[in-house]
J.: 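Sharing a structure, written as structure tokens. Questions coming.
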Amino acid sequence: MSQPSLRVGRASPAVRAGFVSLGAGIVILAVKLAAYLYTGSMALLADAAESSVNVIAASVMTFSVAVSRRPPDADHPYGHGKAEPLSAAVEGALIAGAALFIAVEAMRRLFVGSELGHLGTGMAISAVAGGGNLVLGLYLLRAGRRESSEALRADAVHVLSDTLTTAASIAALVAVTLSGVGMIDPIVAILVAGNLAWAGARVVRRSLTGLLDEADFGLLVRLANALEAARRPQWCDIHQLRSRKAGRRRHVDLHLVVPRYFTMDEAHRVEDGLEAALAKAVEGDEDFVVHIDPCRPVHCAGCAVPDCPVRAAPLSKPAAFDVDHLTQPGPI
């Protein structure tokens, strides 16, 4: 079983990215609130409301990333990686809550009406905040991919959607200025709420794949291809291949069938070669568990071991190391 080293605690690049997101989010929120106070625009209030969620979400995300980077311990033998998809699910729920608030307030303004003022100043302030969000979102997206962090990627999606919200809000104010039709402002806010709800649903859906250990078929295909490319005659069969992800760590387990007359030393040397093949297909930190099973007569037709002293049937076709075969349970 491989034992990779982990970067943990505040020194982790992922945690530093979280603190950057939190600090930048607070500054951007203050700028957006100033834009709303100058103008009274519902669209800009919606923009500020989303940024307030950004700040809360960044706090939760930074804590969860710090927790997820802790190494396995006696209480958490599989590590703490589940903290990240949990944080992403919370962030998705917060995005949906912000969308609901914006939609309700915009509907009220649509019927009651509101007075707008200082639109030029408000648009300029909002544009500065939007530019800051764009830079922050791209930074978080890059950090999330580099660190294989679901929480950072979720935060990046939220921040970039906030940038779109800002652009829509500025466009609404431009339209109001040119047309003099004030109801454009709450209508755009309602459209912004719909976009936020969609973004929140996507974040929650992605987080559930990690929380529920949904199969990563792309990874399974890479593992199957690596095993087929590196296969050895001593690998009589492989079955029950499974993988799950927790933060950066990928846990892979499978059953390897070896000749039943092999000594323990021989079997473990074969296992080491198989783990080396798997490691080439997995990026980041990995944890392999290989269960060694002795061969039985049912394996003989697919086993390519030469000069086998216990062969019960001639080789007809080697076992197929593809996803369909590898993920099936072994013969009973």
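Everything numeric in this text was worked out from a predicted model, so none of it was measured.
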J.: Determine which pairs satisfy side chain to side chain donor-acceptor pair (under 3.5 Å) with at least one residue from residues 298-314, sequence neighbours left out, and list them in order.
T.: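 Applying side chain to side chain donor-acceptor pair (under 3.5 Å) to every pair that reaches into residues 298-314, excluding sequence neighbours, yields nothing.
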J.: Using the side chain to side chain contact (heavy atoms under 4.5 Å, CB included) criterion, which residues pair with Val20? Sequence neighbours excluded.
T.: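 If we apply the side chain to side chain contact (heavy atoms under 4.5 Å, CB included) test to Val20, skipping adjacent residues, the hits are Leu136, Tyr139.
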J.: Are Val188 and Met183 co-members of a hydrophobic cluster defined by side-chain heavy atoms under 4.5 Å apart?
T.: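 In one cluster: yes.
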J.: Could you tabulate the donor-acceptor pairs under 3.5 Å formed by side-chain atoms of residues 257-266, not counting sequence neighbours?
T.:
unit_1 : atom_1 : unit_2 : atom_2 : d
Arg260 : NH1    : Cys295 : O      : 3.4
Thr263 : OG1    : Glu266 : N      : 3.2
Thr263 : OG1    : Glu266 : OE1    : 3.3
Glu266 : OE1    : Thr263 : N      : 2.8

J.: Please list, chain by chain and in numerical order, all residues satisfying ring-ring contact (aromatic ring centres under 6.0 Å, His included) with His291, sequence neighbours excluded.
T.: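 ring-ring contact (aromatic ring centres under 6.0 Å, His included) check on His291 returns His255.
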J.: With a 4.5 Å cut-off on side-chain heavy atoms, are Leu223 and Val323 touching?
T.: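 Val323 vs Leu223: side chains apart.
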J.: List the steps, then state whether side chain to side chain contact (heavy atoms under 4.5 Å, CB included) holds for Leu254 with Leu278.
T.: CA-CA 11 Å; Leu254 53 81; Leu278 291 175; 3.9 Å; yes
J.: Determine whether Asn133 and Ser51 make a side-chain contact, defined as any pair of heavy atoms from C-beta on separated by less than 4.5 Å.
T.: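 Of all side-chain heavy-atom pairs linking Ser51 with Asn133, at least one is under 4.5 Å.
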J.: Does Ala230 have any side chain to side chain contact (heavy atoms under 4.5 Å, CB included) partners at least two apart in sequence or in another chain, and if so, which?
T.: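 With neighbours one apart ignored, the set is Arg232, Trp235, Ala277.
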J.: Under 4.5 Å between any side-chain heavy atoms of Leu44 and Ile125, yes or no?
T.: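 No; the side chains remain at least 4.5 Å from each other.
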J.: Suppose the criterion is side chain to side chain donor-acceptor pair (under 3.5 Å): which pairs have a residue in residues 19-31, not counting sequence neighbours?
T.: Ser21-Asp155
J.: Going by salt bridge (Lys or Arg N to Asp or Glu O under 4.0 Å), name the residues that satisfy it together with Glu228, two or more places apart in sequence or in a different chain.
T.: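 Glu228: salt bridge (Lys or Arg N to Asp or Glu O under 4.0 Å) contacts with Arg231.
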J.: Could I get the full list of salt bridge (Lys or Arg N to Asp or Glu O under 4.0 Å) partners for Arg242, not counting sequence neighbours?
T.: Asp253
J.: Members other than Leu29 in its cluster, when Ile, Leu, Val, Met, Phe, Trp, Tyr link by side-chain heavy atoms under 4.5 Å?
T.: Leu22, Ile26, Leu33, Val55
J.: Taking transitive links into account, so neighbours of neighbours count too, which hydrophobic residues share a cluster with Val128 at under 4.5 Å side-chain distance?
T.: none
J.: State yes or no: do Val27 and Tyr36 share one hydrophobic cluster built from I, L, V, M, F, W and Y residues joined by side-chain heavy-atom distances below 4.5 Å, directly or via other members?
T.: no
J.: Could you name each residue pair satisfying salt bridge (Lys or Arg N to Asp or Glu O under 4.0 Å) that touches residues 31-40, not counting sequence neighbours?
T.: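 For residues 31-40: Lys32-Asp47, Lys32-Asp162.
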J.: Can you list the other members of the hydrophobic cluster that holds Leu138, where links are side-chain heavy atoms under 4.5 angstrom apart?
T.: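 Taking Ile, Leu, Val, Met, Phe, Trp and Tyr as members, Leu138 shares its hydrophobic cluster with Leu134, Leu141, Leu160.
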J.: Is there a path from Ile187 to Trp198 through hydrophobic residues (I, L, V, M, F, W, Y) whose side chains come within less than 4.5 Å of each other?
T.: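 Result: no, two separate clusters.
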